[in-house]
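Every chain is numbered from 1, with letters handed out A, B, ... down the list of sequences. These numbers come from the heavy atoms of this one structure, side chains and all, not from hydrogens, waters or symmetry mates.
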Number of protein chains: 2
Amino acid sequence: MGSVSIREVAARAGVSPGTISNVLNRPERVAPQTRERVMRAIQELGFVRHGSASTLRAGHSRTIGLSVIDIGNPFFTDVAAGVEEVASDLGYAVILGNSAGARDKEERNLLVLAEQRVRGVLITPSDDDPARLDALRERGIHVVLVDHPAHRPDQCSVAVNDFSGGQMAAAHLLSLGATRIGYVSGPGSIRQCVERRRGVEQAVAAAGLDPDEAIEVVETPAMTARDGQRAAAALLAAGLPGAVFCANDLLALGFLRELLRAGVRVPRDVALIGYDDIDFAAASAVSLSSVRQPTHRLGRIATELLLDECDHPDTHVHQQVMFQPELVVRESTTGRALAGRDDA
Amino acid sequence: MGSVSIREVAARAGVSPGTISNVLNRPERVAPQTRERVMRAIQELGFVRHGSASTLRAGHSRTIGLSVIDIGNPFFTDVAAGVEEVASDLGYAVILGNSAGARDKEERNLLVLAEQRVRGVLITPSDDDPARLDALRERGIHVVLVDHPAHRPDQCSVAVNDFSGGQMAAAHLLSLGATRIGYVSGPGSIRQCVERRRGVEQAVAAAGLDPDEAIEVVETPAMTARDGQRAAAALLAAGLPGAVFCANDLLALGFLRELLRAGVRVPRDVALIGYDDIDFAAASAVSLSSVRQPTHRLGRIATELLLDECDHPDTHVHQQVMFQPELVVRESTTGRALAGRDDA
DNA sequence: AGCGGGTGATAAGACGTTTTAATACAGTGG
DNA sequence: CCACTGTATTAAAACGTCTTATCACCCGCT
């Protein structure tokens with residue numbers, strides 16, 4: 001039942017426990033010969049450092065938390081993959097929390113992270129309330145916002161311009177001759193949904209239309225394909241606009257599916273565009289136009305900022321990074337079959 | 001800079017530190033009135049238990065590890081969602097590791113988990129070598145295999161019959177009149193791929209064909225859509241069989257995409273079936289036949305087994321759970337448009 | 001009054017690591 | 001031969017919690 005401690009390694013190598021610790025944490029301070037001997041003892045005994053003891057004494061861990069809204073959404077798994085790459089490279093482990101859009105779940109997850117004394121947290125907040133995050137910061141846990149611009153200059157964030165993305169999507173639909181746009185939004189509490197909507201309104205206004213009349217908004221409780229299906233059913237009953245913009249691709253794919261099931265032709269009867277440009281968007285029944293975000297980079301850069309903040313708190317300067325999204329046009333808004341991603 | 005310790009809470013509540021610990025861990029042993037007072041002190045001071053100190057002293061944590069092969073695969077995120085639900089309910093946190101199919105990455109992740117002194121590990125091994133897992137068990141870390149049947153009776157596992165699934169898929173293709181089947185396999189090191197292939201061989205033999213002649217195998221380095229696309233390109237060059245079975249849906253979706261791009265009609269020219277029945281399978285350009293697995297349950301049950309093993313080691317009995325997969329027929333093998341999942 | 005049993009709370013010693021200050025030692029220049 | 005500098009190592013004190021044994025107290029009973 002082998003919990004080998006630093007002590008036994010020390011005995012085996014004929015040195016003091018402190019030296020083992022030095023080999024582990026500042027190898028350069030210990031003579032090559034001793035180092036070698038210690039390494040061998042570690043190998044032979046199968047020693048594995050007790051992370052908790054280390055964290056307890058050192059006052060901080062080599063762990064960061066990642067809190068996302070929906071781990072079932074490829075957007076977030078792409079982000080997570082980017083996070084994991086960087087963290088892993090710098091020797092940090094990642095604890096993943098899925099808030100599923102529920103505020104209390106998010107809160108529970110953050111509590112767990114606080115208990116684990118994570119070094120920092122990457123979070124896509126499920127609402128706009130900064131109180132919880134300030135509480136973390138007061139505990140000495142660094143926080144970087146992901147896919148959410150920081151309001152204040154004393155914190156890091158990495159985001160993509162959602163207003164602009166909404167504008168692009170709507171402008172594209174308008175350029176196809178649409179005069180009425182359905183906007184399938186996620187929960188009104190999610191900032192991204194609100195921003196994209198503002199973008200739509202702006203584009204509609206710029207086209208000389210009245211936003212109140214030209215935009216039909218459907219709010220869904222979450223942002224899954226199922227919610228998209230339901231939204232489509234609702235709009236089919238209420239009167240379908242000739243152009244629809246869904247706040248993410250999962251919604252759009254569900255929406256599309258319901259339309260096809262009902263015999264609606266896309267894009268002939270309805271032009272449809274999603275958001276995120278997840279991999280599956282290009283492969284759907286009618287390939288889906290979308291607004292692409294640099295997902296993977298989002299994760300990478302957020303993690304780099306966070307770990308810089310953790311490891312070099314004195315030289316670190318807070319940054320609010322803002323990317324620009326990119327319109328990707330496919331069949332669902334043009335009818336041109338197999339208009340694929342250029343990099344595919 | 002608020003690290004409030006149990007000590008300060010004790011002072012505030014006018015009791016000893018030991019009592020705080022009791023309130024936290026065995027509330028029933030402390031008088032309701034004192035408990036109340038302590039709770040208030042905890043609230044007022046914003047105390048958060050130091051997980052590492054707790055783990056160090058108690059000898060075990062409230063954390064489990066989950067190691068998967070590809071977090072970008074919806075199959076695994078579905079599993080992860082199930083895991084997270086159960087773990088969270090029982091007060092456990094989940095540390096997620098993505099091996100990306102690489103053995104050394106998996107090893108690194110397991111090391112991190114061992115350092116964190118996780119209570120147990122749920123793992124879908126990326127190869128069939130039991131040594132690493134035995135090493136974990138020797139450290140007192142419980143291990144449950146996910147999507148991988150245990151060879152020995154002294155460990156828990158939750159799996160789905162891959163042999164049977166491969167058989168189903170192949171039998172289905174054969175029933176359509178195919179005489180030659182392409183099998184797009186993932187890496188040969190992955191057990192699931194091998195089992196499914198064995199199923200295919202069995203089905204082919206049962207149909208009176210010679211497996212060596214009737215089956216064309218393409219091994220891919222990983223199991224992503226991109227690999228599927230490459231496989232399709234390869235088979236297009238080498239001569240496409242009239243029926244193709246991909247070892248998972250990501251491969252199949254990529255495969256499908258490349259076929260359509262090349263002007264091949266599905267299912268008329270090629271019948272195509274995938275595996276896993278991820279959500280996106282039903283929504284693809286030509287909706288994808290697949291072999292459905294009870295993904296979410298896989299995660300839930302594996303976690304229940306693991307935590308039972310952790311929390312009740314004396315009464316726990318090891319189980320090897322084996323589910324049966326289910327054939328889901330859609331357009332890509334029948335041409336019947338919009339043959340959807342019955343629950344959609 | 002004395003005794004036994006039960007309940008609640010406490011004191012103090014771990015747990016395994018990191019870190020600080022101290023020590024030993026070899027080499028160098030005077 | 002001494003004082004000094006540096007380098008390599010060590011001893012010992014933390015870190016915050018849990019836990020074991022102990023203690024104080026009250027109640028009811030003889």
Next item on the list: Starting from C1' on dG8(C), measure out to CZ on Arg29(B) and report it in whole angstrom.
Entry: 11 Å
Notebook entry, point to check: According to the side chain to side chain donor-acceptor pair (under 3.5 Å) rule, which pairs have a member within residues 78-90 of chain A, sequence neighbours left out?
Noted result: Glu84(A)-Lys105(B), Glu85(A)-His296(A), Glu85(A)-Arg300(A), Ser88(A)-Arg108(B)
Notebook entry, point to check: Looking at Leu305(B), Thr303(B), Leu298(B), which hits side-chain contact (heavy atoms from CB on, under 4.5 Å) with Ile301(B)?
Noted result: Leu305(B)
Notebook entry, point to check: If you fit an axis to the five pairs at each end of the helix from dA1(C)-dT30(D) to dG30(C)-dC1(D), how big is the angle between those two axes, to 10 degrees?
Noted result: 60°
Note to self: Are the side chains of Ile123(B) and Val143(B) in contact, using a 4.5 Å heavy-atom criterion?
What the structure shows: yes
Next item on the list: Answer with yes or no whether the side chains of Glu309(B) and His142(B) bring together a donor and an acceptor at under 3.5 Å.
Entry: yes
Notebook entry, point to check: Is Thr77(A) close to Thr77(B) at the side-chain level, that is, under 4.5 Å between some pair of heavy atoms?
Noted result: yes
Notebook entry, point to check: Is any side-chain N or O of Arg7(A) closer than 4.0 Å to OP1 or OP2 of dC15(C)?
Noted result: no
Next item on the list: Return the set of residues passing side chain to side chain donor-acceptor pair (under 3.5 Å) with Arg297(B) (not counting sequence neighbours), or none when no residue passes.
Entry: none
Notebook entry, point to check: How long is the gap from CZ on Arg117(B) to OG1 on Thr55(B), to the nearest 0.5 Å?
Noted result: 10.0 Å
Notebook entry, point to check: Among residues 54-63 of chain B, which residues get a heavy atom nearer than 4.0 Å to DNA chain C?
Noted result: Leu56(B), Arg57(B)
Next item on the list: Could you tell me whether the side chains of Asp311(A) and His316(A) share a donor-acceptor contact shorter than 3.5 Å?
Entry: no
Notebook entry, point to check: Which is the 5'-most and which the 3'-most nucleotide of DNA chain D that has an atom under 4.0 Å from a heavy atom of chain A?
Noted result: dA8(D) to dG16(D)
Item checked: Residue whose nearest DNA chain C nucleotide is more 5′ - Gly51(A) or Arg35(B) -> Arg35(B)
Note to self: Rounded at 0.5 Å granularity, tell me how far CG in Asp134(B) sits from CZ in Arg132(B).
What the structure shows: 11.0 Å
Next item on the list: Without swapping roles, check the side chain of Arg57(A) against the backbone of Ser52(A) for a donor-acceptor pair under 3.5 Å.
Entry: no
Notebook entry, point to check: Quick one: do the Ser126(A) and Glu106(A) side chains pair a donor with an acceptor below 3.5 Å?
Noted result: yes
Note to self: So Thr34(A), base contact, sugar-phosphate only, or nothing? Heavy-atom distance under 4.0 Å.
What the structure shows: sugar-phosphate
Check: Take atom CE in Met39(A); do more than 12 heavy atoms of anything else shown fall under 6.0 Å from it?
Finding: no
Next item on the list: First locate atom NE2 of His148(B), then atom CD of Gln192(B), and finally report the distance between them rounded to the nearest 0.5 Å.
Entry: 7.0 Å
Notebook entry, point to check: Which residues within residues 14-28 of chain A lie with some heavy atom under 4.0 Å of an atom in DNA chain C?
Noted result: Gly18(A), Ser21(A), Asn25(A), Arg26(A)
